[in-house]
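Worksheet: one structure, shown below.
What you see is a predicted model; the values in this text were computed from it and never measured.
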Amino acid sequence: MPSRRLKGLVLAGGKGTRLRPLTYTTAKQLVPVANRPILWYALDSLVAAGIDDIGIIISPETGESIKKSVTAWKPSGVKITFIVQSEPAGLAHAAKTAEAYLDNSAFVMYLGDNLIQSGLLPLVEDFRKNTADAQILLKPVENPQAFGVAELDAAGQVIHLEEKPKEPKSNMALVGVYLFTPVVFEAIAKIKPSPRGELEITDAIQMLITMGKIVQSHPMEGWWLDTGKKDDLLEANRMVLDDYCQTNIQGSVDSQSQLRGEVEIGVGTIVKNSIIQGPVRIAENCVIEDAYIGPYTSIASGCQISKAEVENSVFLENCVVSGLQSRLEQSLLGQGCLLTKAPGQPVGYRLMLGDHSVAEIG
Ligand code: G1P
């Protein structure tokens with residue numbers, strides 16, 4: 001049997017309500033993890049698995065910013081096709097929107113807000129050669145209610161799948177990377193919208209099982225994160241820094257400063273009289289002065305941090321943080337946030353937060 005042709009399909013639409021307020025101005029797939037948009041990790045992973053024809057589902061609202069980011073990612077030798085999904089009507093609806101682009105090819109569907117540690121190559125190679133109609137990845141989780149959940153028989157065969165069950169039959173969650181043959185479109189045509197009003201890909205896979213098709217499951221090796229919420233995003237930041245952060249100093253660091261562990265400092269960044277305890281990634285054109293930057297912190301370009309201690313946090317571009325009395329921890333700051341000491345004698349908190357901002361203060 002000749003091996004299957006495989007295209008990639010990355011889902012980068014949706015509203016990202018769980019990451020507001022960041023997602024009022026940014027697509028959730030473009031929120032950075034270790035200073036790179038989450039989406040880039042999905043694209044890297046497909047390319048590393050030998051896939052060079054990739055469709056990207058975008059929404060009318062954030063599609064332009066996704067296109068710009070993909071141009072900055074600069075794929076070489078990769079064909080990219082953007083496909084607009086007119087409304088966020090579910091993952092199976094997104095797949096259906098791409099049916100013409102997929103043109104009868106088997107495909108890897110990758111949710112653009114998922115981040116996985118292990119490479120896809122063995123999985124893709126296996127699917128290219130075998131006769132399964134679909135292949136899913138499973139990972140045990142502590143909160144299966146938040147995911148698609150698989151029930152397996154004693155031999156490890158998937159017997160039933162359910163989207164966000166109230167009473168999960170197992171703790172095996174569906175990872176957001178799926179391999180399909182075009183037969184999935186027959187299954188999608190048979191399913192109805194779920195209680196949340198969406199055509200669920202989990203229901204389509206369940207339909208494949210009902211139709212007697214072969215659905216294979218693989219245990220997911222390594223870590224997997226769905227970066228839909230703040231704490232997941234900080235966790236993803238920690239994982240990526242642990243795996244990829246490597247000392248590389250391109251900016252200037254004065255003799256009063258100390259760098260410990262793996263620290264990356266971008267071009268044009270100035271570090272003065274500060275301690276940086278890696279893993280820490282600081283992008284270009286930042287100023288760090290009289291500060292402590294603790295482990296698992298990613299700082300995007302143009303930030304200024306002075307007289308402050310920060311740790312385990314992600315800052316987007318052009319934030320200013322100065323004169324803090326306590327350490328800033330587990331925080332996610334959107335672009336251009338200003339966090340400074342109140343003038344004069346501080347009397348309580350003075351905040352101007354965007355809609356749906358979260359401030360935990362003690
Ligand atoms: C989606 C899928 C779910 C899957 C999850 C993986 O959930 O519906 O089955 O387990 O992605 O990230 P959503 O992110 O839409 O809540």
Side-chain angles (χ1 to χ4, degrees), residues 7-14 16 19 22-23 25-59 62-83 94 107-121 123-124 175-178 222-230 232-246 248 250 264 266-267 279-284 296-302 314-317 332 334-335:
K7 289 186 176 181
L9 183 66
V10 177
L11 272 52
L19 265 180
L22 294 189
T23 45
T25 51
T26 313
K28 66 172 169 176
Q29 300 82 6
L30 298 185
V31 173
V33 165
N35 291 348
R36 298 181 81 229
I38 296 162
L39 179 65
W40 291 11
Y41 296 92
L43 295 171
D44 287 347
S45 175
L46 288 171
V47 171
I51 293 172
D52 58 5
D53 190 345
I54 302 174
I56 303 181
I57 298 279
I58 53 176
S59 72
T62 60
E64 285 310 311
S65 56
I66 298 274
K67 283 186 188 171
K68 230 168 111 187
S69 171
V70 172
T71 307
W73 170 68
K74 283 201 197 82
S76 66
V78 182
K79 185 178 161 231
I80 300 279
T81 307
F82 293 99
I83 304 146
F107 60 104
V108 184
M109 179 164 127
Y110 201 128
L111 308 187
D113 60 353
N114 272 232
L115 209 56
I116 60 174
Q117 180 182 35
S118 55
L120 291 178
L121 189 61
L123 204 73
V124 165
V175 174
V177 179
Y178 316 79
W223 49 259
W224 157 53
L225 292 154
D226 170 343
T227 54
K229 286 186 269 173
K230 183 199 103 177
D232 302 326
L233 204 91
L234 292 176
E235 170 90 359
N237 184 58
R238 284 194 290 275
M239 298 296 187
V240 172
L241 287 179
D242 251 343
D243 282 6
Y244 299 110
C245 190
Q246 277 185 338
N248 181 4
Q250 302 200 38
E264 293 179 23
V267 176
V280 165
R281 203 175 254 185
I282 303 175
E284 308 80 48
Y296 302 111
T297 302
S298 294
I299 299 173
S301 60
V314 171
F315 298 172
L316 273 63
E317 288 80 10
L332 177 56
Q335 291 184 31

Start with the C-alpha gap between Thr25 and Gln335, add the side-chain angles, then the distance that decides, and say whether side-chain contact (heavy atoms from CB on, under 4.5 Å) holds. CA-CA 9 Å; Thr25 51; Gln335 291 184 31; 5.7 Å; no

Tell me the closest heavy-atom pair linking Pro32 and Leu233, and the distance in Å. O-CD2, 4.3 Å

Give me the atom names and distance for the closest heavy-atom approach of Lys229 to Leu19. C-CD2, 3.8 Å

So how far is it from [X] [atom1] to [Y] [atom2], rounded to the nearest 0.5 Å?
{"X": "Leu120", "Y": "Asp44", "atom1": "CG", "atom2": "CG", "result": "11.0 Å"}
{"X": "Lys67", "Y": "Ile58", "atom1": "NZ", "atom2": "CD1", "result": "4.5 Å"}
{"X": "Ile38", "Y": "Leu43", "atom1": "CD1", "atom2": "CG", "result": "12.0 Å"}
{"X": "Thr81", "Y": "Ile57", "atom1": "OG1", "atom2": "CD1", "result": "10.5 Å"}
{"X": "Ile299", "Y": "Leu316", "atom1": "CD1", "atom2": "CG", "result": "11.5 Å"}
{"X": "Trp223", "Y": "Ile116", "atom1": "CH2", "atom2": "CD1", "result": "8.5 Å"}

Expected output: side-chain Glu264 to main-chain Gln246 donor-acceptor under 3.5 Å: yes

For the pair Asn237 (side chain) and Tyr296 (backbone), establish whether a donor and an acceptor sit closer than 3.5 Å, ignoring hydrogens and angles. yes

For Leu9 and Ile83, run side-chain contact (heavy atoms from CB on, under 4.5 Å): C-alpha distance rounded to whole Å, both residues' side-chain angles, the deciding distance at 0.1 Å, then the answer. CA-CA 10 Å; Leu9 183 66; Ile83 304 146; 4.3 Å; yes

Can a donor-acceptor pair be found between the side chains of Ser118 and Trp224 at a distance below 3.5 Å? no

Checking side-chain contact (heavy atoms from CB on, under 4.5 Å) for the pair Trp40/Val33: CA distance, chi angles, key distance, verdict? CA-CA 10 Å; Trp40 291 11; Val33 165; over 6 Å; no

Run the numbers on Thr62 and Ser59 for side chain to side chain donor-acceptor pair (under 3.5 Å), then give the verdict. CA-CA 6 Å; Thr62 60; Ser59 72; 3.0 Å; yes

Which is it for Thr227 and Tyr41 under the side-chain contact (heavy atoms from CB on, under 4.5 Å) test, yes or no, and what are the steps along the way? CA-CA 12 Å; Thr227 54; Tyr41 296 92; over 6 Å; no

Is the count of non-hydrogen atoms from other residues, nucleotides or ligands lying under 6.0 Å from Gln250 atom CD greater than 12? yes

